[in-house]
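The structure appears below as structure tokens.
Residue numbers start from 1 in every chain, and the chains themselves are labelled A, B, ... in the order their sequence lines are given, proteins ahead of strands.
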2 protein chains.
Amino acid sequence: MRARNAELTKERILNAAERSFSERGIDGVSLREIAASAGVQLALISYYFRTKEGLYRAVFHRRIDPISAERTSKLRSLMARKNPPPTVEEVLDALARPWVELRDKRGGLLYTRLIAREVGDPREASRGIVRDLLDPIAREFIGALEKVLPNHPKSEIHWTYHFFIGGLLLVLLKQERIERLSGRVCDLAHGEHVIEEIVGLFARALRNSQKTKKPAARASRNPRGRKGDETRNVLSARRKSAQRRADR
Amino acid sequence: MRARNAELTKERILNAAERSFSERGIDGVSLREIAASAGVQLALISYYFRTKEGLYRAVFHRRIDPISAERTSKLRSLMARKNPPPTVEEVLDALARPWVELRDKRGGLLYTRLIAREVGDPREASRGIVRDLLDPIAREFIGALEKVLPNHPKSEIHWTYHFFIGGLLLVLLKQERIERLSGRVCDLAHGEHVIEEIVGLFARALRNSQKTKKPAARASRNPRGRKGDETRNVLSARRKSAQRRADR
DNA sequence: GAATTAATTAGACGACTGACCAATTAGCTT
DNA sequence: AAGCTAATTGGTCAGTCGTCTAATTAATTC
């Protein structure tokens, strides 16, 4: 007889479900498998989560709140800072870091994969998980990027945001493949390194954009719109480890 | 009675399968659904493709060969050109264009989504479709980027390649979401525009990298390793429509 | 310590799954 | 016109699916 502890039982089910769903998708797993690997009776899943989709949603909700909270609190305190003003690197860092660091925690990789899988699922729209849980974050970060880069056209900010997320998701998802292709040149194991690479690349792209919001409007200073003086110098305000690879 | 035409029947099955698989994944679809939407008897699927996975693989093989061929032929003729030498933009363009243009053809979006889905599937390793069909392309393009950017460290090239693919896949996959979030600021409908944005962004990032392969080795000309003189000026060799947005 | 409630068990339901088979039909060759 | 083979049909197979119900057990309350 199992010890009667509802919370523990739910946790066991959620853990097993998270693993199974992230490994084989919502349709690739049966509730019987989940129940078995959780060491729990099949009917307990229905008892606690009603349906299979209910369980699936519960897996998401368990983890999404802490991450979202960390992300937005990080971003808000960052954007509130006046001196020195927040940099592009810092905004992108606040966007990538919670994901990457979650990956390195126990079970975190599973959840990262689960999110990537849900994002890639054409049926996700009907579930609305992405829309409800991730859209608010997207809006907030896009808004922050627009504030940090006031002269960049809106469209470019949006494009960059989605390229960034896509790149991050793929890298977190296809770790083995990237290592295989790169001959271990890319160091996927250390999250700090991943953050450094992706933040660096996208910050560079944004900084060196030739486009400006209104082509002729504010053309007084910095006429070609590249290498904005004020955004460039705050590189010194970067995070600890980000410096170690800034050769010369 | 159906007209007896084996090729046509196979095509009908493959078309229906491509649609269903891309919409709901390999586990989200039953062979009966595919047979029904193809207007074909269930047993004909087994007859032509043996198993469900056999059908799945056939869907990939039907389309991957033309794309791979187009991509590599484009890339090879590009890399063979001496004067002017190939640019980063052109290499990235040859990488993105076949995908984007396929999307705009009949049924192409379905296949694009199918690939994204397979790439995101944790079980894809066991099938080996990505490894067999996409790894060769990846190696070739990474090699080309290394040739075009001889002073960039290998790792940066690799990272950039994967970020590029990830960004491209996500954008092609989540078209509706991006339009929703951007308030129609991003124009996903025109493939040319998508290519322009992603190629521009990543080329900018690569061009403005501060890193060099061997910090002090080949430091004769272009000592700071940024804004390579020769790569910068060939911007005029860019593709037709790429110019239309190069404001000022 | 009996009553009440929450947690857990065991089992069954109809529906659906992929695979397979033998029988039948149409088109081609000779 | 007959023979042969490829193409197509209708149906069956053993399993598995998610969900539900009724019975049983443990913990809590009065």
Side-chain angles (χ1 to χ4, degrees), chain A residues 1-60 62 114 117-118 121 123-124 126-127 129, chain B residues 1-60 62 114 117-118 121 123-124 126-127 129:
Chain A
M1 299 301 123
R2 149 142 280 97
R4 300 217 157 190
N5 185 333
E7 285 310 311
L8 185 71
T9 303
K10 275 196 264 188
E11 281 295 310
R12 293 167 60 89
I13 296 174
L14 286 173
N15 287 338
E18 183 173 82
R19 168 167 298 271
S20 299
F21 283 149
S22 76
E23 281 173 353
R24 308 205 296 285
I26 186 171
D27 292 312
V29 186
S30 71
L31 292 180
R32 282 171 176 80
E33 291 180 75
I34 294 174
S37 77
V40 148
Q41 202 71 13
L42 170 64
L44 277 183
I45 297 180
S46 305
Y47 179 71
Y48 285 115
F49 304 101
R50 294 286 302 166
T51 68
K52 190 181 193 180
E53 187 171 318
L55 172 61
Y56 188 74
R57 302 185 102 94
V59 171
F60 275 90
R62 178 170 64 150
L114 190 60
R117 178 167 265 283
E118 176 69 7
D121 191 335
R123 282 173 300 167
E124 61 86 15
S126 67
R127 288 191 285 266
I129 294 178
Chain B
M1 299 300 122
R2 150 141 281 100
R4 301 220 157 187
N5 186 332
E7 285 310 309
L8 184 72
T9 303
K10 275 197 265 188
E11 281 295 310
R12 293 168 60 90
I13 295 174
L14 286 173
N15 287 339
E18 184 174 80
R19 167 168 300 271
S20 298
F21 284 148
S22 76
E23 281 174 353
R24 308 206 295 287
I26 186 171
D27 292 311
V29 187
S30 71
L31 292 180
R32 281 171 176 81
E33 291 181 74
I34 294 174
S37 77
V40 148
Q41 202 71 15
L42 169 64
L44 276 183
I45 298 180
S46 306
Y47 180 71
Y48 284 115
F49 305 101
R50 294 286 300 167
T51 68
K52 190 181 194 180
E53 186 172 318
L55 172 61
Y56 188 74
R57 302 185 101 93
V59 170
F60 276 90
R62 178 171 64 149
L114 190 61
R117 178 168 264 282
E118 176 70 6
D121 191 335
R123 281 173 301 167
E124 61 87 15
S126 68
R127 288 191 285 268
I129 294 178

Between atom [atom1] in [X] and atom [atom2] in [N], what is the gap in whole Å?
X: B:L42; N: D:dG10; atom1: CG; atom2: P; answer: 12 Å
X: B:N5; N: D:dA7; atom1: CG; atom2: P; answer: 9 Å
X: A:L55; N: D:dC17; atom1: CG; atom2: C1'; answer: 15 Å
X: A:L44; N: C:dA10; atom1: CG; atom2: C1'; answer: 12 Å
X: A:I34; N: D:dG18; atom1: CD1; atom2: P; answer: 8 Å
X: B:Q41; N: C:dA23; atom1: CD; atom2: P; answer: 17 Å
X: B:F49; N: C:dA19; atom1: CZ; atom2: P; answer: 13 Å
X: B:E33; N: C:dC16; atom1: CD; atom2: P; answer: 10 Å

Checklist line | Worked check of side chain to side chain contact (heavy atoms under 4.5 Å, CB included) between B:R127 and B:Y56 | finding: CA-CA 10 Å; B:R127 288 191 285 268; B:Y56 188 74; 3.5 Å; yes
| When we call it a touch if two heavy atoms are under 4.0 Å apart, what does A:I45 touch: a base, just sugar-phosphate, or nothing? | nothing
Measure from the side chain of [X], starting at C-beta and using heavy atoms only, and say which of [options] lies closest.
X: A:K52; options: D:dT8, D:dC17, C:dA7; answer: D:dC17
X: A:S46; options: D:dC20, C:dT17, D:dA7; answer: D:dC20
X: B:A6; options: D:dA7, C:dT8, C:dT17; answer: D:dA7
X: A:R50; options: D:dA7, D:dC17, D:dC20; answer: D:dC20
X: A:L31; options: D:dT9, D:dT19, C:dC20; answer: D:dT19

Does a side-chain heavy-atom distance below 4.5 Å link B:I129 with B:E124?
no
When A:A43 and A:Y47 are each assigned the nearest nucleotide of DNA chain C, the 5'-most assignment goes to A:Y47
Whichever of B:R32 and A:S30 has the more 5' nearest nucleotide on DNA chain D, that residue is B:R32
Notebook entry, point to check: Do any side-chain nitrogens or oxygens of B:Y48 fall under 4.0 Å of OP1 or OP2 in D:dT8?
Noted result: yes
Check: Should B:T51 be listed as having a side-chain N or O under 4.0 Å from OP1 or OP2 of C:dG18?
Finding: no
Discussion item. Assess whether a salt bridge exists between A:D27 and A:K52, defined as any Lys/Arg side-chain N lying under 4.0 Å from an Asp/Glu carboxylate O.
Written reply: no
Practice task
Look at the side chain of A:R24 and the backbone N and O of A:V29, then say whether any donor-acceptor pair between them is shorter than 3.5 Å.
Solution key: no
With no hydrogens and no angle check, just 3.5 Å: does a side-chain donor-acceptor pair link A:N15 and A:R62?
yes
